[in-house]
Amino acid sequence: MSAEQQPTPDAPNPERKSLDDRAKMTELERIRHSAAHVLATAILRLWPDAQFAAGPPVENGFYYDVDLAHRISPEDFPKIEEEMKKEIKANNTFERIVVTREQALQDSASGRLGGLAERPGNVSKFKIGNLEAIPAGEEITYYRNGDFLDLCAGPHVMRTGNIGAFKLTHVAAAYYKGDEKGPQLQRIYGTAFKNKTALDEYFKMIEEAKRRDHRKIGAEMGLFAIDTEFVGPGMPLWLPKGTVLVEELEKLAKETEFAAGYVRVRTPHLAREKMYKTSGHLPYYADSMFPAIKLALDEKQLAEIDRKIKGLEKKISELDTDIHNIEDKKVVSGITEEDEEGLGEDEFREGNFQQQLDKLMAARENGDRYYLKAMNCPHHHRIFAAEPKSYRDLPLRLAEYGTCYRYEQSGELFGLMRVRSLNMNDAHIYCTEEQFAEEFHAVNDMYLKYFKIFGLEKYQMRFSTHAAEGLGKKYVNEPELWKKTEDMVRKVLIESGINYVEVANEAAFYGPKIDVQVWSAIGREFTIATNQVDFAVPAKFGLTYRDKDNTNKTPLCIHRAPLGTHERFIGFLIEHYAGNFPLWLAPDQVRVITLNDDEALIAYAKGIVNELRANMVRVESDFSATPFKAKIADAEKTRVHTMLVIGGRDMEAGVVSVRLHHGGPQGAKPKAEVVADILASIKERRA
RNA sequence: GCCAGUUUAGCUCAGUGGUAGAGCAGCUCAUUCGUAAUGAGCAGGUCGUCGGUUCAAGCCCGACAACUGGCUCCA
């Protein structure tokens with residue numbers, strides 16, 4: 001499975017953990033880290049020339065990175081596990097040995113480190129790399145179990161026999177020290193627990209995770225389809241039932257944003273090249289954008305350009321002659337002040353013409369170039385620019401569910417969570433510095449309001465700031481503005497009492513940002529929403545407003561997307577609710593089921609259906625003669641939120657029997673009460 | 001993009017070189033029932049695509065594509 005093998009968010013590189021952090025390793029982590037050493041021992045018995053890099057414990061197990069000519073596949077796992085069992089049965093102690101750096105380098109050169117014995121000619125190259133990462137003055141230690149000797153700061157369990165239960169799970173490629181350009185190693189993943197019971201429980205949990213997988217539930221419930229053959233990978237089609245989710249979310253966003261003073265706009269999915277050159281996204285992000293759409297020029301446009309080119313060429317050649325004439329004159333009569341000026345001017349004009357000519361030639365060659373938008377901000381900036389703005393217009397909050405296209409690498413696509421076409425709950429707030437704190441506060445409150453509606457209890461805001469050394473490179477060179485905006489954001493976060501962590505050197509190039517991480521019910525972690533401050537791009541587009549003092553000023557811009565994209569947010573909600581959506585969101589809200597197909601009964605049931613439909617409730621009817629238990633089973637499988645099961649007794653008493661997908665039979669209640677309750681639950685968006 | 005694995009009916013899967021199978025879903029007919037599955041019948045597949053080996057390929061080999069799990073990336 002997925003997330004469980006990922007390193008924990010705050011420890012992506014456990015090998016760089018400080019010794020203090022290491023001492024804090026839990027018993028389970030010690031077991032897993034020890035299992036990694038046992039794994040290495042086993043691999044060496046089978047392939048003695050294997051070279052090892054790092055083997056830390058991770059969230060749900062451990063791995064060890066190995067360089068080996070043999071390609072390890074899951075078919076090799078049983079024999080590796082066999083060797084591991086032998087090492088565990090031998091119950092060797094994990095012996096800690098303190099060495100000097102010289103000794104460690106020597107043992108790397110001889111191939112002893114990360115091996116069962118000396119391996120002449122087979123240098124422990126990755127261990128040398130790891131040694132270099134150990135700061136001078138820090139103690140260098142080995143750990144040894146049986147013949148296996150490894151550079152390691154520990155800690156470990158006492159003996160290999162303390163590893164209660166383990167299993168190898170999968171193999172993947174990984175880059176040495178996470179560097180894409182570095183050597184690629186084979187990463188063998190496994191998991192280990194104190195005992196067999198805990199191991200079995202873990203695999204049960206994995207099964208549960210698979211059951212809740214949004215791709216599986218999405219197919220079962222008919223929410224979305226990904227048609228790679230005709231539409232393309234990463235471009236989901238929203239089926240009717242999935243579209244219900246999309247539109248309910250949009251409705252929620254529109255209501256919330258309307259109440260918060262936003263105005264809605266709509267923009268095209270394409271823009272000319274100039275747009276992204278100006279915003280700074282081209283060429284830096286060109287790789288993540290779909291390639292340009294090139295429009296060839298028609299004959300009329302070509303003729304017009306050719307005419308202009310000819311005219312320019314003529315002017316340039318005339319100026320050339322003039323310049324030569326002047327230069328000839330200089331040779332004969334010496335240089336006068338006047339000539340000097342004339343010469344400079346002509347050359348300047350010639351350069352100017354040449355530039356125009358180059359532009360025309362390029363235009364002739366490239367035609368018109370359009371890009372699918374990968375973000376909405378530039379379009380919104382042009383909306384800001386479309387009409388003159390006064391300070392009285394600010395803050396201006398432009399909102400749009402904008403469709404963007406990003407050419408994500410094929411290996412990164414993942415169901416609805418990582419796609420190439422996405423619908424963003426986007427808005428850009430243009431405001432003055434004085435208005436900033438209040439606006440940012442309001443945005444945060446909106447996040448919290450949404451979390452409450454969806455019952456998200458486990459979330460974390462990740463506040464990404466700049467780093468001084470990146471100024472002018474990774475970040476716009478405005479040290480004071482960085483400090484000012486970061487202070488403002490930090491203040492808001494602290495005042496709101498929000499759970500957040502601050503991470504340096506991860507800001508956007510135009511300002512600090514806050515990413516919201518959430519964990520789905522099965523423990524998968526996602527960045528679901530983003531909130532960014534931009535004090536750079538509005539200036540690039542020359543956006544200004546007329547201030548009280550009658551001067552033009554550039555506004556600050558807040559980019560915010562509290563519901564992220566429909567794709568990721570719905571993918572997340574599917575797993576969060578395991579497909580059992582609350583009534584307001586459920587694609588199938590109500591199904592009216594009759595006990596049989598008696599005419600009078602159907603007439604009574606139809607009355608209820610009609611009343612609910614008239615109130616915009618998504619209600620279906622199942623009045624067929626099929627045994628009603630089968631009809632209930634069908635409704636349950638479809639995850640219909642509320643089933644109204646009606647028989648002759650109900651009809652006579654003017655009641656309906658309610659059954660909830662999440663809660664079973666609720667007994668009979670008066671018809672009017674049931675209808676009123678359904679409508680209220682939807683209106684209030686009850687959980 | 002990189003490494004490993006996978007791809008057979010709408011879905012879940014069986015099928016180790018000799019004429020493509022099951023369950024569920026679908027359609028037709030019968031069934032008239034008090035809270036999770038009534039029965040019978042019908043229909044559904046160029047076995048991901050292209051190429052190769054073979055008398056014979058779903059099965060063996062190769063290339064490509066998509067998907068899955070990781071790695072890298074994620075404005």
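The sequence lines fix the lettering, A, B, ..., with proteins before strands; numbering per chain opens at 1. No hydrogens, no waters, no symmetry mates; every other heavy atom, side chains included, goes into these values.
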Check against ring pair (Phe, Tyr, Trp, His ring centres under 6.0 Å), Y371(A) and H281(A): CA-CA 11 Å; Y371(A) 283 88; H281(A) 289 106; over 10 Å; no

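Comparing the P positions of rC24(B) and rA37(B) gives a spacing of 14 Å, expressed to the nearest Å. Spacing between rA9(B) and rA20(B) at atom C1', rounded to whole Å, works out to 11 Å. Comparing rA65(B) with rG21(B), their P atoms sit 34 Å apart, to the nearest whole Å. Only the C1' atoms considered, rU7(B) is 10 Å distant from rC47(B), to the nearest whole Å. Rounded to a whole angstrom, the distance from the C1' atom of rG45(B) to that of rG51(B) is 22 Å. rU54(B) and rU46(B) are spaced 28 Å apart, taking the P atom of each and rounding to whole Å. Taking atom C1' on both nucleotides, rU16(B) is separated from rC61(B) by 16 Å, rounded to a whole Å. Going from the P atom of rG52(B) to that of rA57(B) covers 12 Å, rounded to whole Å.
Look at CZ on R187(A): it is 16 Å from P on rA4(B), rounded to the nearest Å. If you measure from atom CG of D597(A) to atom P of rU32(B), you get 10 Å, rounded to the nearest angstrom. Following rounding to the nearest Å, D598(A) (CG) and rU31(B) (C1') show an atom-to-atom distance of 16 Å. One interatomic measurement links the two molecules: CG of D515(A) to C1' of rA75(B), which rounds to 11 Å at whole-angstrom precision. E652(A) places its CD atom 13 Å from the C1' atom of rG34(B), with the value rounded to the nearest Å. Between the OH atom of Y189(A) and the P atom of rG5(B) there is a distance of 17 Å, given to the nearest Å. Separating the CD atom of E229(A) from the P atom of rU49(B) is a distance of 10 Å, rounded to the nearest angstrom.
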Can you give me the N/O atom pairs linking the protein to nucleotides 66-68 of chain B at distances under 3.5 Å, or say none if there are none?
| from | atom 1 | to | atom 2 | distance (Å) |
| --- | --- | --- | --- | --- |
| rU68(B) | OP1 | R215(A) | NH1 | 2.9 |
| rU68(B) | O3' | R215(A) | NH1 | 3.4 |

Polar-atom pairs under 3.5 Å, protein N or O versus N or O of nucleotides 35-40 of chain B: list them with distances, or write none.
| from | atom 1 | to | atom 2 | distance (Å) |
| --- | --- | --- | --- | --- |
| rU35(B) | O3' | R659(A) | NH1 | 3.4 |
| rU35(B) | O2' | R659(A) | NH1 | 2.8 |
| rU35(B) | O4 | S657(A) | OG | 3.1 |
| rA36(B) | N7 | R659(A) | NH2 | 3.1 |
| rA36(B) | N6 | E636(A) | OE1 | 3.2 |

Using atom names, set out every protein N or O paired with an N or O of nucleotides 8-14 of chain B below 3.5 Å, distance rounded to 0.1 Å.
none

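When all heavy atoms are compared, the tightest approach of S624(A) to K631(A) is O-NZ, 2.8 Å.
Across all strands shown, E412(A) has heavy atoms under 4.0 Å from base atoms, whether or not it also approaches the sugar-phosphate. Across all strands shown, E220(A) has no heavy atoms under 4.0 Å from either base or sugar-phosphate atoms. Across all strands shown, Y510(A) has heavy atoms under 4.0 Å from sugar-phosphate atoms exclusively, and none from any base.
Remark: R211(A) engages E208(A) in a salt bridge, criterion side-chain N to carboxylate O under 4.0 Å.
Summarising the local packing, NZ of K167(A) is surrounded by 12 or fewer heavy atoms from other residues, nucleotides or ligands at distances under 6.0 Å.
Considering F509(A), W482(A), Y510(A) in turn, W482(A) is the only one that fulfils the ring-ring contact (aromatic ring centres under 6.0 Å, His included) rule with F535(A).
Here the straight-line distance linking atom CG of D534(A) with atom NZ of K513(A) works out to 12.5 Å at 0.5 Å rounding.
Within the structure, ring pair (Phe, Tyr, Trp, His ring centres under 6.0 Å) pairs that include any residue of residues 209-239 of chain A comprise H214(A)-F414(A) (at least two apart or interchain). Applying the salt bridge (Lys or Arg N to Asp or Glu O under 4.0 Å) test to pairs two or more places apart or on separate chains, those with a residue in residues 632-643 of chain A are E220(A)-R639(A), R591(A)-D634(A), E636(A)-R659(A).
Ranking rA75(B), rC73(B), rC71(B) by closeness to the Y175(A) side chain, first place goes to rC71(B). Among the nucleotides rA75(B), rA4(B), rC74(B), the one closest to any side-chain atom of R418(A) is rC74(B).
T465(A) is linked by a side-chain contact (heavy atoms from CB on, under 4.5 Å) to F463(A), E486(A), R490(A), E502(A), A504(A), counting only residues two or more places apart in sequence or in another chain. Taking F290(A) as the reference, Y407(A) meet the ring-ring contact (aromatic ring centres under 6.0 Å, His included) condition, with sequence neighbours excluded. Scored by the ring-ring contact (aromatic ring centres under 6.0 Å, His included) test, F581(A) finds Y577(A) as partners (sequence neighbours excluded). For K79(A), the side-chain contact (heavy atoms from CB on, under 4.5 Å) partners are L46(A), W47(A), D76(A), not counting sequence neighbours.
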Show the atom names and distances, to 0.1 Å, of all donor-acceptor pairs under 3.5 Å that link a side chain in residues 564-573 of chain A to residues at least two apart or in another chain.
| from | atom 1 | to | atom 2 | distance (Å) |
| --- | --- | --- | --- | --- |
| T565(A) | OG1 | R568(A) | N | 3.1 |
| H566(A) | NE2 | E250(A) | OE2 | 2.9 |
| E567(A) | OE1 | N423(A) | N | 2.9 |
| E567(A) | OE2 | N423(A) | ND2 | 3.0 |
| R568(A) | NE | M417(A) | O | 2.9 |
| R568(A) | NH1 | T527(A) | O | 2.7 |
| R568(A) | NH2 | M417(A) | O | 3.1 |

Without placing hydrogens or testing angles, list every side-chain donor-acceptor pair under 3.5 Å for residues 641-657 of chain A, not counting sequence neighbours.
| from | atom 1 | to | atom 2 | distance (Å) |
| --- | --- | --- | --- | --- |
| D650(A) | OD1 | S657(A) | OG | 3.1 |
| D650(A) | OD2 | G647(A) | N | 3.0 |

Nucleotide-level pairing of RNA chain B, given in dot-bracket where Watson-Crick and G-U pairs need both distances under 3.5 Å and | marks other strands: (((((((..((((....[..)))).(((((.......))))).....(((((..]....))))))))))))....

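R187(A) forms a cation-pi arrangement with Y63(A), by the criterion of a distance under 6.0 Å to the ring centre and an angle within 45° of the ring axis.
Remark on RNA chain B: of its neighbouring residues N596(A) and E408(A), the 5'-side contact belongs to N596(A), judged by nearest-heavy-atom nucleotide.
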